[in-house]
Each structure stands twice: as structure tokens, then as C-alpha cells.
Chemist: 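Before I ask anything, here is the structure I am working with.
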Amino acid sequence: MSITDATGGTPATFGVGAKPGPAKGPDAATSRVAAPMIGRNGTVDTVSLSPDAVRAMKAGVISFTVPKADEAAAKDPVAAGMDAMLARRDYDLKQADYMRQAMGMLRQTLNLPEDQPIVLGGAAHGLLDKLAAKNGLSRPEMPDALRAAGVKDPFAEDADAEAGVIGVGMPNSGKELQVAFDRLGLTSRPATTNDPLRMIALTEGSDRSGPLLGAIKGGTLGRLTDTRPGQGASLWAVTDGGEGPNARVLASVRSVGMEDTATNMAAGLLKGLKGLFAGA
């Protein structure tokens, strides 16, 4: 996949223990009060017993019933909360390990260096899961304790999202490049087509830029593309080869400080994404 810069110019800036009293009688058991027990730091604990407990102690037999785990959780909100907290900790650790491995696969597939930050959104998360599954790695299942607590998988809706975004940055520089893509438009493009994608700079006041910018804002790419002015960013529309107002916009490219490499990098990312979708 190749991208032709149809303008060759730089676009305009856009942005995207109390102590008890003495015992009342000589026989603590018959008075339903067990003998005082010395606890830590010299504190004295006194336990009042029920008549049944007193009889059990005299007989030397004490029986009790341990409730099932689910019954205990249902009756004890503190225990249920503790279970949810422990489950969340374990789930977060498994998620972090999964993301580390899956992102490593993505970096290798898109030829991105280890020290280059990556940001994913929308359909890119679903694509990441498909890439991981293809390599034998599955996203951790959410524990029942978290589902019972009302916790939802934040990436569940991304699997079939219409659009996605992938962003890369340059370490310690503030430079970044974001490519928002139309999943359906990108995957429907024939793999054998000879028509290159066109990357058109969106400049203020341009008759050609207006319709393309409107298509981005009003289409599936709108919520993933920062088009606010005055953010020190440059913005392009990537079309299916057309240049006119009726050209189909397949992606948007937003750059901060990476204008000199934006065309080549965007072409590489879109080519890699299309290949991943085709093989997913």
C-alpha cells in the first residue's frame, strides 16, 4: 500500500478493648460469663455465652456450621467486597501481562521500536486481540466476583467498532503522530488495487479541504480525530485515491512535530493495519 501526498505542502494547524468489672459469681460458666482472658498489652477480654454454649462447654462438645462461600458472600457485604478487591488485583496483573505480550507482537508486526510509545483506541483494541489470538494468546477472562460487582470490560465494545486509532510518539520529545482509520473502509479496499491512497493536507480556507474535513468530523472518524484549531498540529485526510469533494475518506492523520515523516509513517501504519485485518 502506498500513499501519494497530493498537496506536497504543510497543512494548517489543527488539534486533536474496654476492661470489664469483676465477675458476679464464683462460677463463671454457670453465670454465662467465661473466665477473663488476658490478651495483648494486659487487656482483659470477657466473653458472654448463650445457655446453649454453656451446656456445650459443660458437655465438652461444641459444634458449628461453616456457610458455603457463596452464601457467606451474599450475607456479608464486607466479605464480598474483599473478594472483589482481591479479584480485581489478580485481574489487573493478568491484564498487564497480556497487554505487554500483545503490544510486543504489534510492535514486531508494524516494525515499531521498543522505545516508541503507542496509543490504541476503538477498533485497534479489537485488532490487537485478534493478533494475540492468532499467536496463541488470549485476553484474561473477567472474574465472576467483578461481574457481580458490576464491573464491565472496557474493551468489550471495541471488538466490532467501526473506527479505530493508533498513535505513535517520539520518546522525550513531545512529537506524536495519530492515524484514525475507518475499519470497514480499509478492509473493503481490494488488496490488488494499483490505485494509491491519497494523503491530502487540510489547509484553512481551501475549497478542497472543507468537504474532506466535514467528512471527517461528521463520519466515523470524528470522535477519534482532534480537529480543534490552535493545537500546534497538522492534519491530513487519507482518501481512496480521489481528490474531489466526493472522495471517500479512509483515514485521518494528525501530526505534532512529525510532519517530515508523516506521509511515510502513515503509509506504513495503514499498510500494516490492512494486513492485520486481512489476516484476522
Chemist: Find out whether V168 and M265 are in side-chain contact, i.e. whether some heavy atom of one side chain is under 4.5 Å from a heavy atom of the other.
Modeler: yes

Chemist: Pair I200, T239 - check side chain to side chain contact (heavy atoms under 4.5 Å, CB included), show working.
Modeler: CA-CA 8 Å; I200 302 173; T239 73; 4.0 Å; yes

Chemist: Under the 3.5 angstrom rule, does the side chain of T225 hit a backbone N or O of T227 as a donor-acceptor pair?
Modeler: no

Chemist: Find out whether W236 and E259 are in side-chain contact, i.e. whether some heavy atom of one side chain is under 4.5 Å from a heavy atom of the other.
Modeler: yes

Chemist: Determine the minimum heavy-atom distance between R248 and L184, stating which atoms define it.
Modeler: NH2-C, 4.3 Å

Chemist: Under the side-chain contact (heavy atoms from CB on, under 4.5 Å) test, which residues partner L86, sequence neighbours left out?
Modeler: M82

Chemist: Under 3.5 Å, which donor-acceptor pairs do the side chains of residues 109-127 form with other protein atoms, sequence neighbours left out?
Modeler:
residue : atom : partner : partner atom : Å
T109    : OG1  : M105    : O            : 2.9
Q116    : NE2  : G169    : O            : 3.4
H125    : NE2  : L120    : O            : 3.3

Chemist: How long is the straight-line distance from CG of N264 back to CE of M199, given to the nearest 0.5 Å?
Modeler: 9.0 Å

Chemist: What are the two closest non-hydrogen atoms of K274 and L186, and how far apart are they?
Modeler: NZ-O, 3.2 Å

Chemist: Would you check if L270 and V238 make a side-chain contact, meaning some heavy-atom pair closer than 4.5 Å?
Modeler: yes

Chemist: Determine yes or no for a side-chain-to-main-chain donor-acceptor pair under 3.5 angstrom, with N135 supplying the side chain and L137 the backbone.
Modeler: no

Chemist: According to the salt bridge (Lys or Arg N to Asp or Glu O under 4.0 Å) rule, which pairs have a member within residues 93-109, sequence neighbours left out?
Modeler: D90-K94, D97-R100

Chemist: What distance separates S188 OG from D240 CG, expressed to the nearest 0.5 Å?
Modeler: 9.0 Å

Chemist: Can you name the residues that form a side-chain contact (heavy atoms from CB on, under 4.5 Å) with S138, not counting sequence neighbours?
Modeler: none

Chemist: Shared ILVMFWY cluster between I166 and M99, side chains joined below 4.5 angstrom?
Modeler: yes

Chemist: Taking atom CD of Q108 as the centre, does the number of heavy atoms from other residues, nucleotides or ligands within less than 6.0 Å exceed 12?
Modeler: no

Chemist: Do L177 and R254 come within less than 4.5 Å of each other through their side chains, counting heavy atoms only?
Modeler: no

Chemist: Taking only distance into account, with no hydrogens and no angle test, what donor-acceptor pairs under 3.5 Å do side-chain atoms of residues 212-224 form with protein atoms, sequence neighbours excluded?
Modeler:
none

Chemist: Flag the pair M103 / L128 as yes when at least one side-chain heavy-atom distance between them is below 4.5 Å, and no otherwise.
Modeler: yes

Chemist: Which pairs, with at least one residue in residues 135-148 and sequence neighbours excluded, count as a salt bridge (Lys or Arg N to Asp or Glu O under 4.0 Å)?
Modeler: D129-R139, E141-R147

Chemist: With a 4.5 Å limit on heavy-atom distance, are the side chains of D182 and V249 in contact?
Modeler: no

Chemist: Is there a side-chain contact between M170 and M258, using heavy atoms and a 4.5 Å cut-off?
Modeler: yes

Chemist: Are Y91 and L146 packed together at the side-chain level, in the sense that at least one heavy-atom pair is separated by less than 4.5 angstrom?
Modeler: yes

